[in-house]
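Reckoned from all heavy atoms, side chains included, excluding hydrogens, waters and symmetry mates. Only a predicted model underlies this, so the values are computations on that prediction, with no experimental measurement involved.
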Amino acid sequence: DALPILHRQDQHYDDQAGFLQLIGPQAVRQQKSDAARPDDAKYRCRAHIVLDHIECVRQHHRQHLRQHAEADALQEIGVKLVALPNSKLTQLDLPERLVDAINEAKRITANGATRRQKQYIGSLMREIDVAPIVEQMEKWEGKNTAENAYFHNLERWRSRLIEDEGALSEFIQQYPHVDSQQIRTLIRNARREASANKPPKSSRELFKLLREITGESQSSNEVDEES
């Protein structure tokens, strides 16, 4: 008997019930009536062959999904590469063709052309080992996160020092090498400027001083991260 031809790759059949649903109720009844026939093994073999074919279809579909996910991931990395400045791109030791494609993507402005160029970059990245690239980019992103947190901390200190009388004592405890007279003068002037609605000249100078005071410990942290 001829085997049924399966063209239903868009559906998944996880068990024999799915197969039986595919071949239809009439075939199920026929299979039951054929069970008592001498050549029953022939029909069992036929069912196993069809089920094996369905399993091959499912494996092909899973492989297709996996390849599609990998392509999307590579394209996403390519988008990040396009956003990098040239000074960082040169540190990644990328192939010349990939660098040219990235620079071309930076010049393109049309949406459709940009999408096609990013897809092309993703296809080029399949030819290289992306692990070192991802590792370096994660280091850069982590460093940027640390720098942002550092500056936010400076902003909080400046606000507290201007608004809270007791904040200066706490700051001096953490940074005992600070010139207390200099910072007191800047705090006092910053308060006067704020109350008089004047440009925050002293507030900016206070932020600069806080950055200088805390810069030594920040530099030490960066050295630790690089090592």
Side-chain angles (χ1 to χ4, degrees), residues 72-94 98-99 102-111 114-115 117-118 121-122 125 130-227:
D72 287 345
L74 290 175
Q75 188 172 336
E76 182 63 26
I77 297 172
V79 171
K80 293 183 178 180
L81 289 175
V82 173
L84 288 177
N86 292 331
S87 59
K88 289 187 174 180
L89 280 176
T90 56
Q91 299 179 40
L92 295 176
D93 193 24
L94 301 176
L98 181 55
V99 173
I102 291 171
N103 290 331
E104 181 65 22
K106 291 176 179 289
R107 290 190 290 268
I108 295 175
T109 57
N111 291 334
T114 299
R115 183 177 63 256
Q117 188 66 14
K118 290 178 180 178
I121 291 173
M125 295 186 66
V130 299
I133 298 174
V134 173
E135 182 180 359
Q136 182 59 59
M137 293 176 68
E138 287 178 348
K139 287 181 179 179
W140 286 333
E141 291 176 358
K143 183 177 180 181
N144 290 337
T145 302
E147 289 178 350
N148 291 336
Y150 169 67
F151 284 109
H152 285 314
N153 188 48
L154 290 183
E155 289 281 1
R156 287 193 294 269
W157 266 121
R158 179 173 62 176
S159 298
R160 288 187 59 199
L161 290 169
I162 294 174
E163 299 169 2
D164 184 1
E165 292 286 349
L168 180 57
S169 299
E170 182 182 345
F171 184 81
I172 293 175
Q173 287 180 355
Q174 292 190 26
Y175 303 96
H177 61 283
V178 64
D179 185 342
S180 59
Q181 185 60 40
Q182 180 186 18
I183 195 171
R184 288 180 192 277
T185 300
L186 288 175
I187 292 172
R188 183 170 56 251
N189 292 341
R191 290 170 179 169
R192 290 175 180 174
E193 290 170 354
S195 61
N197 292 325
K198 291 184 178 180
K201 178 182 177 181
S202 297
S203 179
R204 286 193 293 265
E205 292 180 0
L206 176 60
F207 185 86
K208 182 179 178 181
L209 178 62
L210 294 176
R211 186 176 179 183
E212 293 173 356
I213 294 170
T214 59
E216 183 177 349
S217 59
Q218 173 69 9
S219 299
S220 300
N221 291 336
E222 291 179 357
V223 170
D224 291 340
E225 289 177 1
E226 292 176 356
S227 60

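- In terms of the side chain to side chain contact (heavy atoms under 4.5 Å, CB included) criterion, residue partners of V82 (sequence neighbours excluded) are, by chain and number, I102, A105, K106, I121.
- P132 is linked by a side chain to side chain contact (heavy atoms under 4.5 Å, CB included) to D129, counting only residues two or more places apart in sequence or in another chain.
- Between Y175 and F171, the two ring planes are tilted [angle within 30° to 60°].
- Here P85 pairs with S87, K88 under the side chain to side chain contact (heavy atoms under 4.5 Å, CB included) rule; sequence neighbours left out.
- Atom OG1 in T214 sits 8.5 Å away from atom CZ in F151 (nearest 0.5 Å).
- Evaluation of the ring pair (Phe, Tyr, Trp, His ring centres under 6.0 Å) rule for F207 yields no partner, not counting sequence neighbours.
- Qualifying salt bridge (charged side-chain N to carboxylate O under 4.0 Å, His left out) partners for K80, counting only residues two or more places apart in sequence or in other chains: E141.
- Residues meeting the side chain to side chain donor-acceptor pair (under 3.5 Å) test with E104, sequence neighbours left out: R107.
- The distance from atom CG of L74 to atom CE of M125, rounded to the nearest 0.5 Å, is 5.5 Å.
- Legend: residues meeting side chain to side chain contact (heavy atoms under 4.5 Å, CB included) with V134, ordered by chain and number and at least two apart, are I77, E138.
- The backbone N or O of A149 lies less than 3.5 Å from no partner atom in the side chain of N153, so there is not a single donor-acceptor pair.
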**Report entry** Intermediate values then yes/no, side-chain contact (heavy atoms from CB on, under 4.5 Å), L89 and L94
**Finding:** CA-CA 8 Å; L89 280 176; L94 301 176; 4.0 Å; yes
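- For E170, the side chain to side chain donor-acceptor pair (under 3.5 Å) partners two or more places apart in sequence, or in a different chain, are R160.
- Environment of CG in N103: crowded, with over 12 heavy atoms of neighbouring residues, nucleotides or ligands closer than 6.0 Å.
- For residues 173-185, there are no salt bridge (Lys or Arg N to Asp or Glu O under 4.0 Å) pairs, not counting sequence neighbours.
- A side-chain hydrogen bond (donor to acceptor under 3.5 Å, both in side chains) check over residues 186-200, counting only residues at least two apart or in different chains, returns the pairs E165-R191, E193-S202.
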Report task. Show your working on side-chain contact (heavy atoms from CB on, under 4.5 Å) between I183 and L210 and close with a plain yes or no. Result -> CA-CA 9 Å; I183 195 171; L210 294 176; 4.1 Å; yes
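- Considering every non-hydrogen atom in both I133 and L92, the closest pair reads CG2-CD1, 4.3 Å.
- In terms of heavy-atom proximity, A190 sits nearest to S203 at CB-N, 4.0 Å.
- The OH atom of Y150 sits 6.5 Å away from atom CZ of R211, with the distance rounded to the nearest 0.5 Å.
- To the nearest 0.5 Å, atoms CG (L206) and CG (L161) are separated by 6.0 Å.
- The side chain to side chain donor-acceptor pair (under 3.5 Å) check on E155 picks up R158, with sequence neighbours excluded.
- Summarising the geometry, atom CD1 belonging to I162 is positioned 9.5 Å from atom CG belonging to L186; distances are rounded to the nearest 0.5 Å.
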